[in-house]
Amino acid sequence: MKVYNTLTRQKEEFVPMEEGKVKMYVCGPTVYDYIHIGNARPYVVFDTVRRYLEYRGYEVTYVQNFTDVDDKIINRANKENSTMQEISNRYIQEAFHDADGLNVRRATMHPRVTEEMDLIVQMVKELIEKGFAYEDHGTVYYDTKKFPDYGKLSRKNLDELIAGGSERVSVDDAKKNPTDFVLWKPKKEGEPSWPSPWGEGRPGWHIECSVMAKHHLGDSIDIHAGGEDLVFPHHENEIAQSEACNGCQFAKYWLHNGFITVDNEKMSKSLGNFFTVRDIAAQFPYEVIRFFILNGHYRSPINFSRELMQACQNGLERIKNARKELDFFIQNAPEGRMTDEEKTQTEELMKYKEQFEAAMDDDFNTADAISVIYELVRFSNIAVKAQVSREYALKIQDMLDHLCGVLGVAELTESTISDEDTSKIEALIEKRTEAKKAKDFAAADAIRDELAAMGITIKDTRQGVQWFRG
RNA sequence: GGCGCCAUAGCCAAGUGGUAAGGCAAAGGUCUGCAACACCUCUACCCCCGGUUCAAAUCCGGGUGGCGCCUCCA
């Protein structure tokens, strides 16, 4: 299994530190608003990475944080005459709502910054003691000159950063070097704060992740992931903090997802061209959003558009139709063993599994993996049409189940239709069948329309009339 | 200015040396009472120019176009 490691800029064979176990940390959102589609990408992508690792037999400990201390949250709270805690609690709940909709499984742990304050203070203290940080009037800075490897992830060096004429590099006279960054900042009037040896204050952004990763996963982790815009400075700074403090490699593999763009421009809060997941979910089912995200390779940019979403919805529908049809076929098929011919064809079925795994083994190539599912879908449709044996159909169903399950797409939901409605629907279908027999097509079509109005789709098959919601 | 990524059909998208997967859309056909679903058929001088090679979408050089990071961001 190969993964692309940003640290080495190469695909590498994946070998976890401890056999059979994977420790994984994914940077989570700052919770001051609904998550947008750009936030949804790492959610879905790394959830899929996790699912595949588990499919491959690894025991995965997956940590994704919530940043619940931040200027943006404070601003929002002030604007709404609320508190930081109230705002972050609200949007954490909303983020879970969206994540659930996107079929993103809960992480093993979802730590919050506010719950880690003691450990944050502790790590800052340690960095000062070890000579990697210094304090000035209640602000603690990380001394980037003290960490020789600074820039190894983003392939930047300090001189270039300084000479590059970046507007923000030198703002603060108290910094020893323009590239130094804040670990702890003093309290401002009216803002939440926590006690520390340097006075009341709150942590800088980067230190949080170093602390939460260490607390929940240990000094060294296998995979650290996030959006590619986090490579610099966030992840670079995390490495500087963690490796200086812990004295060992922080993360073995660094995975970064590409952006979602709109009109070929990065979608971002500052550009104001972003869509929240909630907005999109009002027009397309959540599962289409997930499918859309997995339709390309996770490192490539995806240009978001309504047309593309529609195309994805149609494609997903194709897969789901095949699954429904196969299920219906199996439910109504007589007991039957595989024929000899089918037994030889089982090998062909295994080929899909192998192709799927080869695609996913190659740096989680979900686009390729989905194309294998489409091929399996055609295989299944043909099998149903050919009225294969039940035993054989079950084998196809099992395969489809597994492959779709790894990606978390095209999963069939349990019918929520009551028994009362079910008998009503079946009565109508019976009436329609009678009408068709009597060649009263007008009546038959009227019943079909009536069912459609109830949200029921019907399909005429050789085994009778199949119906389902949606 | 520094660093980096990308360019494959109307659209999306795999493919990193052996002669272009898959999906959406469009078109024709089969099935159907008509539909829907499904199945079959059909759609590519791989951005341009050079080079290496028996062989290049793929490797090298040079263009052109687009994007990202360097500043809060997924």
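To find a chain, count down the sequence lines: A is the first, B the second, and so on, and within it residues start at 1.
Judged by Watson-Crick or G-U wobble contacts below 3.5 Å, the nucleotide B/U16 has no partner. Summarising the base pairing, B/C3 is matched to B/G68 through a Watson-Crick or G-U wobble pair whose two defining distances lie under 3.5 Å. With a 3.5 Å ceiling on both atom-pair distances, B/U43 lacks any Watson-Crick or G-U wobble partner. Base pairing analysis places B/U32 opposite nothing; no Watson-Crick or G-U wobble pair with both distances below 3.5 Å involves it. Across all strands shown, nothing is found opposite B/A57 as a Watson-Crick or G-U wobble partner with both distances under 3.5 Å. With a cut-off of 3.5 Å on both Watson-Crick or G-U wobble distances, the partner of B/U52 is given as none.
Using a 4.0 Å cut-off, no side-chain N or O of A/N257 falls inside it from OP1 or OP2 of B/A74. Close to B/A74, at under 4.0 Å from its OP1 or OP2, lies a side-chain N or O of A/N39.
Within the 4.0 angstrom heavy-atom criterion, base atoms lie near A/F259. Among the heavy atoms of the strands lying under 4.0 Å from A/I260 is at least one base atom, whether or not backbone atoms are also near. Using a 4.0 Å heavy-atom cutoff across all strands shown, A/G226 reaches sugar-phosphate atoms only and no base atom. Nucleic acid contact for A/K72: sugar-phosphate only, since backbone atoms but no base atoms lie under 4.0 Å from a heavy atom of the residue. A/E325 comes within contact range of the sugar-phosphate backbone alone, with a heavy-atom separation under 4.0 Å but no base atom that close. Residue contacts for A/R432: at a heavy-atom cut-off of 4.0 Å it reaches a base atom on one of the strands shown.
A/K266 places its NZ atom 12 Å from the P atom of B/U71, with the value rounded to the nearest Å. Rounded to an integer number of Å, the gap from A/I429 CD1 to B/A36 P is 19 Å. Atom P of nucleotide B/A26 and atom CD of A/Q310 are separated by 11 Å, given to the nearest angstrom. Rounded to whole angstrom, the span from the CD1 atom of A/I302 across to the P atom of B/C11 amounts to 18 Å. Atom CD of A/E307 is separated from atom P of B/G10 by 17 Å (rounded to the nearest Å). Distance CH2 (A/W467) to P (B/C37): 20 Å, rounded to an integer number of Å. We find that CG of A/D229 is positioned 16 Å from C1' of B/C3, with the value rounded to whole Å. B/A74 atom P lies 17 Å from atom OH of A/Y34, rounded to whole Å.
Taking the P atom of each, B/A57 and B/U19 are spaced 11 Å apart, rounded to whole Å. Using atom C1' as the reference point in both B/G23 and B/G15, the two lie 15 Å apart (nearest Å). The separation of B/A56 from B/G61, taken at their C1' atoms, amounts to 15 Å, rounded to a whole angstrom. Nucleotides B/G68 and B/A20 have their P atoms positioned 35 Å apart, rounded to a whole Å. Between B/U8 and B/G4, the two P atoms lie 23 Å apart (nearest whole Å). Going from the P atom of B/A26 to that of B/A38 covers 13 Å, rounded to whole Å. For the C1' atom pair drawn from B/A44 and B/A21, the interatomic distance equals 13 Å after rounding to whole Å. Taking the C1' atoms as reference points, B/G18 lies 23 Å from B/A13, given to the whole Å.
The environment of A/Q85 atom CD is sparse: at most 12 non-hydrogen atoms of other residues, nucleotides or ligands sit within 6.0 angstrom. A/E13 CD: more than 12 foreign heavy atoms inside a 6.0 Å radius. Around atom CZ of A/R306, no more than 12 heavy atoms belonging to other residues, nucleotides or ligands sit under 6.0 Å away. Applying the 6.0 Å contact sphere to NZ of A/K324 captures more than 12 heavy atoms from other residues, nucleotides or ligands.
When each of B/C3, B/G33, B/A25 is scored by its nearest atom to the side-chain atoms of A/N314, the top-ranked nucleotide is B/A25. Closest to the side chain of A/K459, from the set B/C69, B/A74, B/C37, is B/C37. Looking at the side chain of A/M267, the nearest of the listed nucleotides B/C34, B/A74, B/A38 is B/A74. If you check B/C70, B/C12, B/C73 against the side chain of A/L308, the one that comes closest is B/C12. The side chain of A/K156 has B/C70 as its nearest neighbour among B/A74, B/C70, B/C39. The nucleotide whose nearest atom lies closest to any side-chain atom of A/E228 is, among B/C70, B/G68, B/C37, B/G68.
Remark: A/N237 engages A/Y150, A/H206 in a side chain to side chain donor-acceptor pair (under 3.5 Å) (not counting sequence neighbours).
Side-chain atoms of A/N321 stay outside donor-acceptor range of the base of B/A38, with no qualifying N/O pair under 3.5 Å. No N or O donor and acceptor, one from the side chain of A/N157 and one from the base of B/G2, sit under 3.5 Å apart. If you check distances only, the side chain of A/R462 never reaches the base of B/C31 with a donor-acceptor pair under 3.5 Å.
Here the rule is side chain to side chain contact (heavy atoms under 4.5 Å, CB included) with A/V465, and of A/R432, A/E426, A/K459 only A/R432 fits it.
For the pair A/R50 and A/Y62, the cation-pi test (distance below 6.0 Å, angle within 45°) is passed.
In the model, A/D68 has no side-chain atom that pairs as donor or acceptor with a side-chain atom of A/Y91 under 3.5 Å. Side-chain contact of A/Y286 with A/R290: a donor-acceptor pair under 3.5 Å is absent, judged by distance alone.
Remark: A/I260 CD1 to A/F292 CZ distance equals 5.0 Å, nearest 0.5 Å.
RNA chain B is contacted by both A/A40 and A/F379; A/F379 maps to the nucleotide lying nearer its 5′ end (nearest heavy atom per residue). Of the two residues contacting RNA chain B, namely A/R448 and A/N303, the nearest-nucleotide position lying further toward the 5' end is that of A/N303.
Between the side chain of A/N65 and the main chain of A/V113, no donor-acceptor pair closer than 3.5 Å is present.
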Given protein heavy atoms under 4.0 Å, the one-letter contact record of nucleotides 14-22 of chain B, with B base, S sugar-phosphate only and - none, is simply SS-----BS
